[in-house]
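Proteins get letters first, then strands, A, B, ... in listed order; numbering begins at 1 in each.
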2 protein chains.
Amino acid sequence: MKNQSVRDASRPPGMADVARVAGVSAQTVSRALAGHPNVQEKTRAKVLAAVDQLGYRKNNAARMLSSGRSRTIGVVTLQTSFYSRTALTLGIERAAQEAGYAVSTATTASLDTSAIEASMLRLADQHVEGLVLAVPLIHVSRQIEQLTRAVPTITIDGSRTPTTEVVAVDQSLAARLATRHLLDLGHETVWHVAGPGEWLDAASRAQGWRAVLEAEGRTVPPELKGDWSPASGYRNGLILGRIPDVTAVFVASDEMAFGVIRALHELGRRVPEDISVVGVDDIALAEYCSPSLTTVAQPFAEMGALAVSHLMRYIADPDASPEPASVEPTLVVRASTAPARR
Amino acid sequence: MKNQSVRDASRPPGMADVARVAGVSAQTVSRALAGHPNVQEKTRAKVLAAVDQLGYRKNNAARMLSSGRSRTIGVVTLQTSFYSRTALTLGIERAAQEAGYAVSTATTASLDTSAIEASMLRLADQHVEGLVLAVPLIHVSRQIEQLTRAVPTITIDGSRTPTTEVVAVDQSLAARLATRHLLDLGHETVWHVAGPGEWLDAASRAQGWRAVLEAEGRTVPPELKGDWSPASGYRNGLILGRIPDVTAVFVASDEMAFGVIRALHELGRRVPEDISVVGVDDIALAEYCSPSLTTVAQPFAEMGALAVSHLMRYIADPDASPEPASVEPTLVVRASTAPARR
DNA sequence: CCGAGCATTGGCATCGATAACATTGTGTGC
DNA sequence: GCACACAATGTTATCGATGCCAATGCTCGG
């Protein structure tokens, strides 16, 4: 039975107005609304009725000022439209929303320490209670370390600072799944198009790939490097396609994999008949590419949720010992991989 | 020469601390920092020095409380990872950042009026100075209208309320470009896979497509409907591929177009030899699909920037007459379209 | 040489909610 | 039946910056 009485003309109703209408003090209103135990059921009802009648909404600015709690977390990401960023941010946002937290985002155009610092400062200025860093920290400046000390921070890429918790997908496992899948199909060895070196997950994938090959005693081909973009995948595909030995490629992201496949196609190498390709991420389009893309699915949503839940715990008790968390990727076999021809 | 003196132990320095160090009053500090004209250069310098020395950062909560200005805008989007959403949000974020505004986001899982209301309220509670609605307003509730009256709001989808400015891409033009391109290639007529009916831009595209066909006196095939997802494109592709007449299809988004092409491929209809396909958006992968996708590029970044600049103007002067703004899409011809066979 | 007028700066109240403390009222044990 | 504990509510100070108005000091014209 909502209803915004007559006094609409002036400013929005404050706690004092609610108190007046309910016939109690402002403090009681505060307690009733905060769910404080020591409030009579009758009083709480009166307060709620008054709130409803006036259409009262708490003033976050004031609450923040006096209590220091903003019920907001900040997210730092790179200014790109890659699927991983989007999916992750989405997961974080949803989880935060469910936890009753608002999300403020600050994107950075580059990975410079100073740019990241600036993003973190922008968020700190908004008094976020926690921070999720979804970018790699190339160099941890003194400023950054101080910030992570002051604001509970979770890093997603896996970059560590002395005062940061880490939530990550086991990227090495992702790589091992992909590589082993290709070896199981009978390929002699597997080539790799890696992500940019600054990204720890790119490095972990490369490392996992290398580990499997070495464990199996296969020759380890030189590593090719991309920048996550389809275009960079394409460039590397043009190289791979010209090397007769290549029969299997593990690409560090689906988007690059699309580029690789496209290049191979142009060079007349068929996928998967001549060359098998595996990506990482399981973007929505992976299934609808020709051929549909075998890939390692990343549980972005869960990761976002995990990051938020850890952050909440960390916020609630900053002294709790940081415990790194990780979730597991899963292999999704589609049509871009096939047994090696003999 | 930054430096955070010794008094780190206690709480962060406030304006009073700066004032003390600089040997002036808090007001003067406020004025100096706000760039107020009537402050002596010498004083301002002293203040800045003190700020620097203490590592002072303004307290946004307090500023917001006393001045009412939060320097934050809110964005409401749908909880999806479609490219258009991502790209647009990115553009808004970047533009806002440049304008010195922070961005708070609230995603909604559904398009229910009540869900959107909730998102808007969440943002309103954070005292955003302006709002960007990037979701279609199916039904404008009283609550929503009141909110848009209280908070300057820009809608991106094109949905209008009595008190809202609109920024949009000319979607009808996008559709006309695509359709005409296909007709110019000699196709008898063009089929259309539309987006969900709730979305105004989907409707505009359908309308533009229909207009061109009618203007040219072509038969207007029945309209197929998708939900923006690749999967829905695939389903519609399975239908289109079974209709012998079909030689040209205009799909309302690239992601759906991928699905359509995939389905046609599976049915043995070649693209573009048998059927030409045009999408909308120009996602990064469009160029790396096989065949590379002809599409209508949407200037998402500019749109975000335009939305923000209009919002700034609107915030600065809420009484200014709303003037709808629009930007133009451009056709990008790639390999998924070819002349009709005779 | 003096007062008007402007440029600078300081004091005080204020925004809205909350924490800490004070106060009233109620029940219970001995 | 009295004191003491505890539950329920009210009072006051506070968070940090800003707006408004007053006060100071300086310059310039007459």
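- Map B:S66 and A:S67 each onto its nearest nucleotide of DNA chain C; the residue landing nearer the 5' end is B:S66.
- The side-chain hydrogen bond (donor to acceptor under 3.5 Å, both in side chains) pairs that include a residue from residues 59-68 of chain A are A:N59-B:H127, where partners are two or more places apart or lie in different chains.
- With contacts defined as side-chain heavy-atom distances shorter than 4.5 Å, the pair B:L123/B:V76 qualifies.
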Under 3.5 Å, side-chain donor or acceptor atoms of residues 94-102 of chain A against the rest of the protein: list the pairs with distances, not counting sequence neighbours.
| residue | atom | partner | partner atom | Å |
| --- | --- | --- | --- | --- |
| A:R94 | NE | B:Q79 | OE1 | 3.4 |
| A:R94 | NH1 | B:Q79 | OE1 | 3.2 |
| A:Q97 | OE1 | B:R122 | NH2 | 3.4 |
| A:Q97 | NE2 | B:T107 | O | 3.2 |
| A:Y101 | OH | A:R69 | NH2 | 2.9 |
| A:Y101 | OH | A:E129 | OE1 | 2.8 |

Which donor-acceptor pairs under 3.5 Å do the side chains of residues 304-315 of chain B make with protein atoms, sequence neighbours left out?
| residue | atom | partner | partner atom | Å |
| --- | --- | --- | --- | --- |
| B:S309 | OG | B:L306 | O | 3.2 |
| B:H310 | ND1 | B:E165 | OE1 | 3.0 |
| B:Y314 | OH | B:T163 | O | 3.3 |

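- Looking at heavy-atom distances under 4.0 Å, B:V24 makes contact with sugar-phosphate atoms alone, never a base.
- Taking the C1' atoms of five terminal pairs at each end of the helix from C:dC1-D:dG30 to C:dC30-D:dG1, the two resulting helix axes are inclined by 40°, rounded to 10°.
- With sequence neighbours excluded, no residue forms a side-chain contact (heavy atoms from CB on, under 4.5 Å) with B:A45.
- B:R31 is linked by a side chain to side chain donor-acceptor pair (under 3.5 Å) to nothing, counting only residues two or more places apart in sequence or in another chain.
- Taking the 5' to 3' direction, DNA chain C first and last meets chain A under 4.0 angstrom from a heavy atom at C:dG16 to C:dA20.
- Applying the side chain to side chain donor-acceptor pair (under 3.5 Å) rule to B:T113 yields no partners; only residues at least two apart in sequence or on another chain are considered.
- Listed by residue number, A:N38, A:V39, A:Q40, A:T43 are the residues of residues 35-47 of chain A with a heavy-atom contact under 4.0 Å to DNA chain D.
- Judged as a side chain to side chain donor-acceptor pair (under 3.5 Å), and not counting sequence neighbours, the contacts of A:T28 are A:S25.
- The salt bridge (Lys or Arg N to Asp or Glu O under 4.0 Å) analysis of residues 146-162 of chain A, with sequence neighbours excluded, yields the pairs A:E145-A:R149.
- B:T72 and B:Q126 form no side-chain donor-acceptor contact under 3.5 Å, judged by distance and modelled atom types alone.
- Residues B:T108 and B:S119 approach most closely at CB-OG, 3.6 Å, considering heavy atoms.
- Checked by atom type, the side-chain pair B:D112/B:S110 shows a donor-acceptor distance below 3.5 Å.
- Contacts of A:S25 with the nucleic acid, taken as non-hydrogen atoms under 4.0 Å apart, include base atoms.
- The footprint of chain A on DNA chain D, defined by a heavy-atom cutoff below 4.0 Å, extends from D:dA8 to D:dG16.
- Distance OG1/B:T80 to CZ/B:R85: 5.5 Å, rounded to 0.5 Å.
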